[in-house]
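Given the structure is predicted, the values throughout are model-derived calculations rather than measurements. The analysis underlying the following values was restricted to heavy atoms, covering all of them including side chains, and did not include hydrogens, waters or symmetry mates.
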2 protein chains.
Amino acid sequence: MYIVVSFKDNIVIMSNIELKNAGLKITLPRVKILSKLESSENHHMSAEDIYKELINDGEVISLATVYRVLTQFEAAKIVIRHHFESDGNSQAVFELNHGDHHDHMVSLKTGKVVEFYDEIIENRQKELAKEYNFKIVDHSMILYGEFLDEE
Amino acid sequence: MYIVVSFKDNIVIMSNIELKNAGLKITLPRVKILSKLESSENHHMSAEDIYKELINDGEVISLATVYRVLTQFEAAKIVIRHHFESDGNSQAVFELNHGDHHDHMVSLKTGKVVEFYDEIIENRQKELAKEYNFKIVDHSMILYGEFLDEE
DNA sequence: CTACGTGCAAACGGTTTGCAATTCC
DNA sequence: GGAATTGCAAACCGTTTGCACGTAG
């Protein structure tokens, strides 16, 4: 199967490799969703964001499929699911998993998301875990507020 | 109105003051819920936890009221609402607000919650915010894993 | 007395699922 | 061709809400 999803052919090919590695068939919906996540502006989209944008692009896809595919991608570690509490509504947002761990600053005004990584905090978390006899499997750290240079 | 909720009279009286300060009438459901939060083992309960335990105690209350009261308590800063992602289910948990900021370690096995506070991390967050030109309004930091001394 | 609070059941919003039709390999 | 995937609509689950009744102050 050959699919032209965007002009960035390298990205399409990469997608296919990712899917293959995950043991997932390369289907149109999956490629569309990956492509959308790759091209999205702030790289953090809800299932509905993805669905609406695809529909807007004239694509044919169902919301159920978006959810199913994202769940599979999460299991395959292709994407990471987050639950930002920004706007009170509790919908999950997804970002591509580039393998680099990072935390998030989320704007309460615009929803803008910035990723950051801090060695000092990471180390301190490990020290604290040891102190409390706790084995960290995962962690989430999100700063909510606003960027002072936002329009 | 005089209500005997528990033998710890001081706690009942404190509850009433909290409610009064929040401009909330002292009603039976509210006192029961506060009392349950105060007496709960790990101090982090979902609305349904509270509801079920009260029903189990032979109390008469509706789940809708538990939700409504908890929402009012949150607005009045009597409780804090959290969204732990431990068990995949996304139900909110509530804890009494004792005014001291802290973060959480959550056991994925038992749901046990331990609070901690670390000056180094807090300072580092502030430094990072400055660096990114970001004004922190709130933050959440949760470590998920397991306590090595758990049964 | 009356404004506020409650219970019930129905609605809600995000997400999941059963099933028949379709697609990839 | 046959297993995997999709679309549709219905179910789901935690939470919220409209309304008639009940209760605190």
Trainee: Ring-plane angle category for H102(A) and H104(A), please: parallel below 30°, perpendicular beyond 60°, tilted otherwise.
Mentor: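 The rings of H102(A) and H104(A) stand perpendicular, inter-plane angle above 60°.
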
Trainee: Ignoring the backbone of Y67(A), work out which of dT15(D), dT15(C), dG25(D) is nearest its side chain.
Mentor: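 Minimum distance to the Y67(A) side chain belongs to dT15(C).
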
Trainee: Examine dT6(D): is either OP1 or OP2 under 4.0 Å from a nitrogen or oxygen in the side chain of T27(A)? Give yes or no.
Mentor: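 Affirmative; the distance criterion is met.
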
Trainee: Quickly work out the N16(B) CG to dA24(D) P distance and round it to whole Å.
Mentor: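 Atom CG in N16(B) sits about 13 Å away from atom P in dA24(D).
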
Trainee: Whole angstrom is fine here: how far is it from CG in L24(A) over to C1' in dC24(C)?
Mentor: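 Distance, rounded to whole Å: 13 Å.
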
Trainee: Side chain of R30(A): nearest nucleotide among dG7(D), dA24(D), dT5(D)?
Mentor: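 Nearest to the side-chain atoms of R30(A), counting from C-beta on, is dT5(D).
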
Trainee: For the pair made of CZ in R81(B) and C1' in dG14(D), what is the distance, rounded to whole Å?
Mentor: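 For the pair R81(B) CZ and dG14(D) C1', the rounded distance is 11 Å.
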
Trainee: Test for a donor-acceptor pair under 3.5 Å between the base of dG18(D) and the side chain of R68(B), counting only N and O atoms.
Mentor: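 A donor-acceptor contact between them is present.
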
Trainee: More 5' along DNA chain D: A64(B) or V60(A), using each one's nearest nucleotide?
Mentor: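 By nearest-heavy-atom nucleotide position, the 5'-most residue is V60(A).
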
Trainee: Of the listed nucleotides (dC25(C), dT16(C), dA24(D)), which one gets closest to any side-chain atom of K25(B)?
Mentor: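 Taking heavy atoms from C-beta onward, the closest nucleotide is dA24(D).
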
Trainee: Rounded to the Å, how far apart are I26(A) CD1 and dT22(C) C1'?
Mentor: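 My rounded result for the distance is 18 Å.
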
Trainee: Is the closest basic N to carboxylate O distance between K36(B) and D57(B) below 4.0 Å?
Mentor: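 Here K36(B) pairs with D57(B) in a salt bridge, since their nearest N and O are under 4.0 Å apart.
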
Trainee: Can you identify which nucleotide, out of dT6(D), dG7(D), dC8(C), has its nearest atom closest to the S62(B) side chain?
Mentor: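 Looking only at side-chain atoms, S62(B) lies closest to dC8(C).
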
Trainee: Rounded to whole Å, how long is the line connecting atom CG of L63(A) with atom P of dG13(C)?
Mentor: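 To the nearest whole Å, that distance equals 14 Å.
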
Trainee: Starting from P on dG14(C), measure out to CG on D49(A) and report it in whole angstrom.
Mentor: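 In whole Å, dG14(C) P and D49(A) CG are 11 Å from each other.
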
Trainee: Less than 4.5 Å apart, side chain to side chain, heavy atoms only: is that true for L34(A) and L96(A)?
Mentor: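 Heavy-atom side-chain distance check passes, below 4.5 Å.
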
Trainee: Counting only side-chain heavy atoms from C-beta out, which of dG14(C), dG14(D), dT17(C) sits nearest to E48(B)?
Mentor: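 Closest nucleotide to the E48(B) side chain: dG14(D).
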
Trainee: Expressed in angstrom and rounded to an integer, what is the separation of L19(B) atom CG from dG5(C) atom C1'?
Mentor: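 Whole-Å distance recorded here is 13 Å.
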
Trainee: Please work out whether the ring planes of H82(B) and H44(B) are parallel, tilted or perpendicular, with thresholds of 30° and 60°.
Mentor: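 Ring orientation, 0 to 90° scale: tilted.
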
Trainee: Just compare dT16(D), dG7(C), dT6(C) and give me whichever is closest to any side-chain atom of I61(B).
Mentor: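 From the listed options, dG7(C) comes nearest.
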
Trainee: In whole Å, I'd like the distance from the CD1 atom of I55(B) to the C1' atom of dC8(C).
Mentor: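 It is 13 Å, rounded to the nearest whole Å.
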
Trainee: Going by the side chain to side chain donor-acceptor pair (under 3.5 Å) test, name the single residue among K130(B), R124(B), Q125(B) that passes it with E127(B).
Mentor: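 Of K130(B), R124(B), Q125(B), side chain to side chain donor-acceptor pair (under 3.5 Å) with E127(B) is met by R124(B) alone.
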
Trainee: Just compare dG14(D), dT17(C), dT15(C) and give me whichever is closest to any side-chain atom of Q91(B).
Mentor: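 The closest nucleotide is dG14(D).
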
